[in-house]
Amino acid sequence: MPELPEVETVRRGLNRLVKGATIASIDVYWPKIINNDLDSFKSRLAGQTIEKIDRRGKYLLFRFTGGLTMVSHLRMEGKYNVVPANTSRTKHTHVVFHLTDDRDLWYNDTRKFGRMTLVPTGEESTVGGLNKIGPEPVADQLTVAYMTAIFAKSKKMIKPLLLDQSKIAGIGNIYADEVLWMSKIHPMRPANLLTADEIATLHQNIIDEMAMAIKGHGTTVHSFSTAFGEAGQFQNQLHVYGREGEPCERCGTLIEKIKVAQRGTHFCPHEQRL
DNA sequence: CCAGCAGCCTGACAGC
DNA sequence: TGCTGTCAGGCTGCTG
């Protein structure tokens, strides 16, 4: 569930299902997922109530009574589920939060890449990538002036720059390809060579695409059958991601897939020129 | 500063 | 069928 629209969909699902719930106890089956001392993580959360779940970029912020925040990053495959108490866990259930209302909140993660960190509320900006995270991709926080300034300073290729969470929060591999196609910009173009018109177009497309994807409840690439984010419909509205070999919707040229900065990258070689 | 690459993990899929 | 290599929506840390 990785990019911002998917994480936002999970956040909304969690607020609907477990806001106000109280943790009775916690079982952890893959300790590396917890960045804190395990016993302290469990004992500090026992008895705490979930006030709400916030989000910053791709990070979920569970706000607890008692002034605690649990920062949770899903990385590639992390998922939350709510199940009846004592449901037998699956091979990919690595953390179980037992709630006091006869339900369990599961954290499932096939590849075990996700991480959780418990900190005093207000200190979440010390956690991992949150200490240097860029503005959210919404109109009142991400401005054309800001993008113009950071692009002018960088000769890096535009795609890896869009994926850099310290520059703009929340964009991942799917939406980076999508917004570059919409903006007719080659993914390998050095950022400092974008024109003012291209930056303005890209800025608008980033904001519109994120909003549209949230409205569509995110993108579901693999067909899983559980959890909150999986009602995602936005995969039906992708223009280039996963469409290599298919004709570009605008010009008919076949979409190509290449590697850019070690990431699979889809683009139209006719319209997206270097 | 940057680019490149290994590492973290498991599962799905293509090709032999 | 089984084996091998590659790939996957992310991020960190190391190297040159």
Side-chain angles (χ1 to χ4, degrees), chain A residues 1-10 29-35 55-60 71-80 90-95 107-117 126-134 137 150-180 187-188 190-192 209-210 213-214 216-245 257-266:
Chain A
M1 295 278 99
E3 304 184 47
L4 187 154
E6 293 74 50
V7 178
E8 175 62 15
T9 301
V10 172
Y29 300 96
W30 193 263
K32 284 186 78 169
I33 288 174
I34 311 298
N35 281 327
R55 180 189 57 73
R56 181 73 171 92
K58 303 175 193 175
Y59 294 81
L60 291 166
V71 179
S72 170
H73 198 301
L74 305 172
R75 294 287 180 98
M76 297 290 266
E77 314 226 18
K79 290 170 197 67
Y80 283 98
T90 74
K91 63 191 292 194
H92 300 305
T93 307
H94 306 306
V95 183
Y107 177 72
N108 282 21
D109 191 341
T110 309
R111 293 171 73 182
K112 301 172 176 164
F113 284 175
R115 294 292 181 264
M116 299 175 194
T117 310
T126 64
V127 173
L130 282 177
N131 60 2
K132 47 184 173 119
I133 194 165
I150 59 166
F151 289 1
K153 281 189 292 199
S154 178
K155 295 176 182 172
K156 274 178 73 170
M157 297 181 287
I158 183 63
K159 175 166 176 183
L161 200 63
L162 291 179
L163 294 177
D164 181 346
Q165 303 298 298
S166 72
K167 302 298 189 296
I168 302 172
I171 301 174
N173 204 40
I174 293 178
Y175 299 115
D177 284 2
E178 292 297 309
V179 297
L180 288 171
M188 297 178 79
N192 62 339
E209 177 76 352
M210 288 292 158
I214 290 171
H217 306 296
T219 297
T220 305
V221 170
H222 308 295
S223 45
F224 296 109
S225 56
T226 56
F228 308 120
E230 285 156 9
Q233 296 300 315
F234 201 71
Q235 60 275 15
N236 302 319
Q237 294 176 58
L238 299 179
H239 303 287
V240 283
Y241 186 87
R243 295 190 177 277
E244 58 268 30
K257 183 176 183 185
I258 59 173
K259 283 262 190 224
V260 177
Q262 281 84 244
R263 306 298 301 274
T265 298
H266 312 73

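This is a predicted model, so every value here is computed, not measured. Convention: sequence-line order gives letters A, B, ...; per-chain numbering from 1.
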Original post:
Which part of the nucleic acid, if any, lies within reach of K153(A) when heavy atoms closer than 4.0 Å are counted: base, sugar-phosphate only, or nothing?
Top reply: nothing
Original post:
Between the main-chain N or O of G57(A) and the side-chain N or O of R55(A), is there a donor-acceptor pair closer than 3.5 Å?
Top reply: yes
Original post:
T117(A) pairs by side-chain contact (heavy atoms from CB on, under 4.5 Å) with which of N35(A), I34(A), T126(A)?
Top reply: N35(A)
**OP:** For nucleotides dA6(B) and dG5(C), find the distance between their P atoms and express it as a whole number of Å.
**Re:** 14 Å
Subject >> Spacing of I258(A) atom CD1 relative to dC7(C) atom P, expressed in whole Å >> reply: 14 Å
Original post:
Looking at M188(A) and V260(A), what are the two nearest heavy atoms and their distance?
Top reply: CG-CG2, 3.8 Å
Subject >> Residue whose nearest DNA chain B nucleotide is more 5′ - S154(A) or Q262(A) >> reply: S154(A)
**OP:** Could you check whether the rings of H94(A) and W30(A) sit parallel, tilted or perpendicular, using 30° and 60° as the cut-offs?
**Re:** tilted
**OP:** May I ask you to check whether T93(A) and N108(A) show a side-chain donor-acceptor distance below 3.5 Å?
**Re:** yes
Subject >> Pair partner, dC7(C) [Watson-Crick or wobble, under 3.5 Å] >> reply: dG11(B)
Original post:
Touch check for K155(A), heavy atoms < 4.0 angstrom, all strands: base, sugar-phosphate only, or nothing?
Top reply: nothing
**OP:** For the pair D177(A) and K159(A), find out whether any cationic side-chain nitrogen is under 4.0 Å from an anionic carboxylate oxygen.
**Re:** yes
Original post:
What one-letter contact string describes nucleotides 10-16 of chain C from 5' to 3', where B marks a base within less than 4.0 Å of any protein heavy atom, S marks contact via sugar-phosphate atoms alone, and - marks no contact?
Top reply: BBS----
**OP:** Say whether Y107(A) and S72(A), considering side chains only, have a donor N or O and an acceptor N or O under 3.5 Å apart.
**Re:** no
Subject >> Assigned partner base of dT1(C), Watson-Crick or wobble definition, under 3.5 Å >> reply: none
**OP:** Please report the shortest heavy-atom distance between F234(A) and E209(A), naming the atom on each side.
**Re:** CE2-OE2, 3.2 Å
**OP:** Rounded to whole angstrom, note down the P distance from dC5(B) over to dC7(C).
**Re:** 13 Å
Subject >> Of V7(A), L74(A), V71(A), the residue whose pairing with Y59(A) passes side-chain contact (heavy atoms from CB on, under 4.5 Å) >> reply: V71(A)
Original post:
Where does the chain A footprint on DNA chain B start and end, counting 5' to 3' with a 4.0 Å heavy-atom cut-off?
Top reply: dC2(B) to dG11(B)
Original post:
Do any side-chain nitrogens or oxygens of K257(A) fall under 4.0 Å of OP1 or OP2 in dA8(C)?
Top reply: yes
Subject >> Length of the OH-C1' vector between Y175(A) and dG9(C), whole Å >> reply: 9 Å
**OP:** Select base, sugar-phosphate, or nothing to describe what G114(A) touches, counting heavy atoms under 4.0 Å on all strands.
**Re:** nothing
